[in-house]
Amino acid sequence: MDLSAELSEFLRSRRARLKPEDVGLPDFGRHRRVPGLRREELAQLAGVSVAYYTRLEQGNGRNVSMEVLDSIARALRLSDTERAHLTHLAKPTAKKKQHRAAIARPQQVRPGLRHLLDAMEGVPAFVVGRRLDVLAWNRMARALMGDFEAMEPAERNVARMVFLGPNSRDLYRDWECKATEVVSVLRLYAGCYPDDPALLALVGELSVRSEEFRSLWAAHTVADKGHGTKVLRHPLVGEMTLTYESMQVAGGDPDLMLITYQAEPGTASADALRLLAQWGVDESVDVRQ
């Protein structure tokens, strides 16, 4: 990835989403050729010269200080995740050697973590890597999400399943929200690992095969996996409202994440999840079929 172009497009996209009234500036109703704040307005808010900010937005982030980046991040009202993404784009050399070494090593799930997944009976749980590759899963995750064991290794990827799986729109009631989250996570990874050939190949494949992915990728949204609620429509047990948690796995690989799904006790969703748990591994349904 061309980090200079990425930096330029990210800053423009964040500036375009702000209006003068959002940041306490007067709006005199003059015609604006572009949406959002003007460069001079953003520079004023950040306390830097227009020429300096213009160079930065044109992708020239060499020698920019953290103090200036922090000022621009505050002016753009960036979230913590967006602020970290901006830093990765503007100062990629800070952890360049560390990231290259990480890319060269295949991600591994240690046996103890696999045992933990198996012990989480009744709780769909799986581990994803930096490209949203599904690296390990338990029986309930297989019953809920699809038969990972029947997939080719390259297909065991959340992004491919969401955008290319024939029935992913049936599984997620709010498919657009899920799709946006997936792209936002991939964008965050791409800022950290711009030289990862497997990640670039995945983005290229999805861009070619999915118009929705291309559109969302162009929006430059970034987000971590976090936590929240999803409504899933399973072909065996029907609709379920499930909460999900994403937790960083302790150990040497900071990009391994454990993701779990649960239902609120005493609800119809909890009953449906228990019913799903009664099906054996051989009878679990691949929701892509």
Side-chain angles (χ1 to χ4, degrees), residues 1-18 22-23 36-37 39 42-43 45-46 48 52-100 102-103 128-133 158-159 177-200 202-204 206-207 213-228 246-248 253-257:
M1 286 174 44
D2 183 345
L3 286 185
S4 295
E6 289 294 314
L7 174 62
S8 176
E9 293 171 10
F10 178 69
L11 287 172
R12 290 182 183 184
S13 69
R14 300 307 91 180
R15 179 166 59 86
R17 71 180 180 178
L18 292 176
D22 294 334
V23 294
L37 295 179
R39 284 176 176 169
L42 198 285
L45 289 170
V48 299
Y52 187 96
Y53 177 75
T54 299
R55 288 196 300 271
L56 185 63
E57 194 175 275
Q58 289 174 343
N60 186 2
R62 294 190 299 272
N63 301 321
V64 62
S65 69
M66 286 303 305
E67 290 77 13
V68 169
L69 287 179
D70 287 341
S71 296
I72 291 173
R74 286 193 297 271
L76 288 171
R77 304 297 196 265
L78 299 187
S79 66
D80 290 343
T81 302
E82 290 171 327
R83 185 186 297 257
H85 184 64
L86 173 62
T87 302
H88 290 144
L89 296 179
K91 302 179 76 67
T93 58
K95 295 185 177 180
K96 199 168 186 178
K97 291 184 179 179
Q98 177 182 342
H99 287 173
R100 283 180 175 173
I103 293 171
V128 298
R130 71 176 63 93
R131 307 174 196 98
L132 293 181
D133 294 322
V158 175
C177 179
K178 177 64 177 179
T180 300
E181 290 177 356
V182 166
V183 174
S184 298
V185 170
L186 285 183
R187 263 286 179 199
L188 186 62
Y189 284 151
C192 295
Y193 301 98
D195 299 325
D196 184 350
L199 180 59
L200 297 179
L202 173 64
V203 171
L206 294 176
S207 297
F213 182 88
R214 288 197 303 274
S215 177
L216 290 170
W217 188 256
H220 286 267
T221 58
V222 292
D224 214 338
K225 286 180 282 297
H227 58 89
S246 303
M247 296 161 278
Q248 184 177 349
D253 191 339
D255 294 320
L256 288 182
M257 301 292 293

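Note that this is a predicted model, so its numbers are computed, not measured.
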Would Leu76 and Leu37 satisfy side-chain contact (heavy atoms from CB on, under 4.5 Å), going step by step from the backbone distance to the final call? CA-CA 9 Å; Leu76 288 171; Leu37 295 179; 5.8 Å; no
Residues Asp22, Arg77; criterion side-chain contact (heavy atoms from CB on, under 4.5 Å); working and verdict: CA-CA 9 Å; Asp22 294 334; Arg77 304 297 196 265; over 6 Å; no
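Remark: Asp133 engages Arg131 in a salt bridge (charged side-chain N to carboxylate O under 4.0 Å, His left out) (not counting sequence neighbours). In this structure, the side chain to side chain contact (heavy atoms under 4.5 Å, CB included) partners of Asp2, at least two apart in sequence or on a different chain, are Ser4, Ala5. In this view, Arg17 and Glu82 satisfy the salt bridge (charged side-chain N to carboxylate O under 4.0 Å, His left out) rule, not counting sequence neighbours. Qualifying side chain to side chain contact (heavy atoms under 4.5 Å, CB included) partners for Val183, counting only residues two or more places apart in sequence or in other chains: Phe163, Phe213, Leu216, Trp217. For Arg12, the salt bridge (charged side-chain N to carboxylate O under 4.0 Å, His left out) criterion is met by Glu57, not counting sequence neighbours. Applying the side chain to side chain contact (heavy atoms under 4.5 Å, CB included) rule to Met66 yields the partners Leu69, Asp70, Thr87, Lys91; only residues at least two apart in sequence or on another chain are considered.
Of the N and O atoms on the side chains of Ser184 and Arg187, not one donor lies less than 3.5 Å from an acceptor on the other residue. Side-chain atoms of Asp196 and Tyr189 include no donor-acceptor pair closer than 3.5 Å.
With values rounded to the nearest 0.5 angstrom, Leu200 atom CG is found 13.5 Å from Tyr193 atom OH. Taking SG of Cys192 as the start and CG of Leu89 as the end, the distance is 9.0 Å to the nearest 0.5 Å. Rounding to the nearest 0.5 Å places CZ of Arg83 at 11.0 Å from CD1 of Ile72. For the atom pair Met257 CE and Met247 CE, the distance stands at 8.0 Å (nearest 0.5 Å).
The two atoms that bring Val23 and Ala75 nearest to each other are CG1-O, 4.1 Å, heavy atoms only. Of all heavy-atom pairs spanning Leu206 and Ala159, the tightest one is CD1-CB, 3.8 Å. Tyr52 and Ser65 make their closest contact through OH-N, 4.4 Å (heavy atoms, listed as atom of the first residue, atom of the second, distance). The shortest heavy-atom contact between Ser8 and Gly59 is CB-N, 4.0 Å.
Contact check for Leu86 versus Leu11: side-chain heavy atoms found under the 4.5 Å cut-off.
Applying side-chain contact (heavy atoms from CB on, under 4.5 Å) to Arg130 and the options Asp253, Leu186, Leu256 leaves one that passes, Asp253.
Ring pair His85/Phe10 is perpendicular by interplanar angle, where above 60° counts as perpendicular and below 30° as parallel.
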